[in-house]
Amino acid sequence: DSRGQAWLERWLGEVTSPGLGALDGLSATERKRLFGQLIDGQSAINLVRIHDALDALRPAGRKVQSSQDEFAQAIARQGSADQKLEVLQSLATKVRVGDAVAARAMSTILGSIGDVSVMNQALRQIDRLTMDAIVAASIDHRSAITVNQLGGNAVRVTVDASRYVKLAEA
């Protein structure tokens, strides 16, 4: 129901926004606790709805929102094997149409699966192109251009492969 999704987006916007002064949204610790509570007993469909609502709040032009990462980490940390498998299956359809945020969430969730039989189930439901997108999303690339006083430019590129390492180890 679109009204329910709109309400969910508005509510998540309030609890995840930085706010102003005393009207701040939740702290990172509070969001972690909230996301953990939201996962408890929810169907994969509802978990994907929450992920979608967080995606709708992402400012235009940004590839990642920290709340989406935090929610994927909560699923990875606290979700049951069935929840993880169902969420992965739902997010895979988004990855197939180019959703890099969903691919990033999938890399986080896949990297958390420790049970070999569950991992085999997960991998059987992911096609090669989707897996390529997941692997690519598991490596964070950041670059910054600085201009010094003499007019020269310097480019600094950093790579964070920790999500990839967890995925590879799983």
Side-chain angles (χ1 to χ4, degrees), residues 5 8-9 12 16 28-29 31-40 42-146 153-170:
Q5 190 68 15
L8 180 61
E9 288 172 15
L12 286 169
T16 60
T29 302
R31 282 191 309 275
K32 182 178 178 179
R33 190 176 313 122
L34 172 67
F35 289 157
Q37 291 171 343
L38 288 174
I39 289 166
D40 190 33
Q42 291 297 318
S43 69
I45 290 170
N46 286 337
L47 296 178
V48 171
R49 284 182 181 145
I50 294 168
H51 187 272
D52 289 349
L54 291 168
D55 188 42
L57 298 172
R58 182 170 35 111
R62 286 192 61 196
K63 292 185 178 182
V64 172
Q65 180 180 352
S66 63
S67 295
Q68 287 174 292
D69 278 345
E70 291 168 351
F71 188 65
Q73 290 163 7
I75 294 171
R77 198 175 39 256
Q78 294 177 236
S80 69
D82 287 340
Q83 283 175 316
K84 290 177 184 182
L85 287 171
E86 291 177 35
V87 168
L88 288 169
Q89 189 174 20
S90 294
L91 290 177
T93 59
K94 297 174 181 298
V95 174
R96 286 186 202 106
V97 294
D99 188 332
V101 174
R104 186 176 167 96
M106 287 185 75
S107 73
T108 299
I109 296 166
L110 274 172
S112 73
I113 298 175
D115 183 296
V116 174
S117 65
V118 175
M119 180 58 90
N120 285 335
Q121 274 184 276
L123 293 175
R124 278 195 298 271
Q125 68 187 23
I126 299 171
D127 62 61
R128 181 170 170 81
L129 291 175
T130 302
M131 189 52 134
D132 289 346
I134 293 167
V135 170
S138 71
I139 302 172
D140 293 330
H141 297 89
R142 293 194 180 107
S143 59
I145 299 174
T146 57
N153 296 335
V155 177
R156 184 183 66 189
V157 177
T158 57
V159 176
D160 178 2
S162 60
R163 191 182 340 270
Y164 174 77
V165 170
K166 285 182 183 176
L167 180 61
E169 289 175 344

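Fair warning: this is a prediction, and the values are worked out from it, not measured in the lab.
- Looking only at side-chain heavy atoms (C-beta outward), L47 and E86 stay at 4.5 Å or farther from each other.
- Using modelled atom types and a 3.5 Å distance limit, the side chains of S80 and D82 yield no donor-acceptor pair.
- D99 is linked by a salt bridge (charged side-chain N to carboxylate O under 4.0 Å, His left out) to nothing, counting only residues two or more places apart in sequence or in another chain.
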Self-check item: Verdict with supporting geometry, K94 and D52, side-chain contact (heavy atoms from CB on, under 4.5 Å)
Solution: CA-CA 10 Å; K94 297 174 181 298; D52 289 349; 3.0 Å; yes
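- Between the side chain of T108 and the backbone N or O of R104 there is at least one donor-acceptor pair closer than 3.5 Å.
- The two residues I75 and K84 come nearest to each other via the heavy atoms O-CE, 3.4 Å.
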Practice problem: Check step by step if side-chain contact (heavy atoms from CB on, under 4.5 Å) holds for S67 and R31. | Solution: CA-CA 8 Å; S67 295; R31 282 191 309 275; 4.1 Å; yes
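- When every heavy atom of A74 is checked against every heavy atom of F35, the shortest pair comes out as CB-CB, 3.8 Å.
- Between I109 and A76 the shortest heavy-atom distance is CA-CB, 4.2 Å.
- Closest approach of L85 and Q125 over heavy atoms only: O-NE2, 2.9 Å.
- Residues satisfying the side chain to side chain donor-acceptor pair (under 3.5 Å) criterion with K32, sequence neighbours excluded, are absent altogether.
- What you find for V95 and A103 is that their closest heavy atoms are CG2-N, 3.4 Å.
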Quiz item: Would D40 and Q78 satisfy side-chain contact (heavy atoms from CB on, under 4.5 Å), going step by step from the backbone distance to the final call?
Solution: CA-CA 8 Å; D40 190 33; Q78 294 177 236; over 6 Å; no
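- Rounding to the nearest 0.5 angstrom, the gap separating the CD atom in E70 from the CZ atom in R77 is 9.0 Å.
- Ring-plane geometry between H51 and F71 is classed as tilted, the angle between the planes lying from 30 to 60 degrees on a 0 to 90 degree scale.
- Contact check for R33 versus L38: no side-chain heavy atoms found under the 4.5 Å cut-off.
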Exercise. Show your working on side-chain contact (heavy atoms from CB on, under 4.5 Å) between Q89 and I126 and close with a plain yes or no.
Key: CA-CA 8 Å; Q89 189 174 20; I126 299 171; over 6 Å; no
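- Taking each heavy atom of R49 and L8 in turn, the nearest pair found is O-CD2, 3.8 Å.
- Here R96 pairs with D127 under the salt bridge (charged side-chain N to carboxylate O under 4.0 Å, His left out) rule; sequence neighbours left out.
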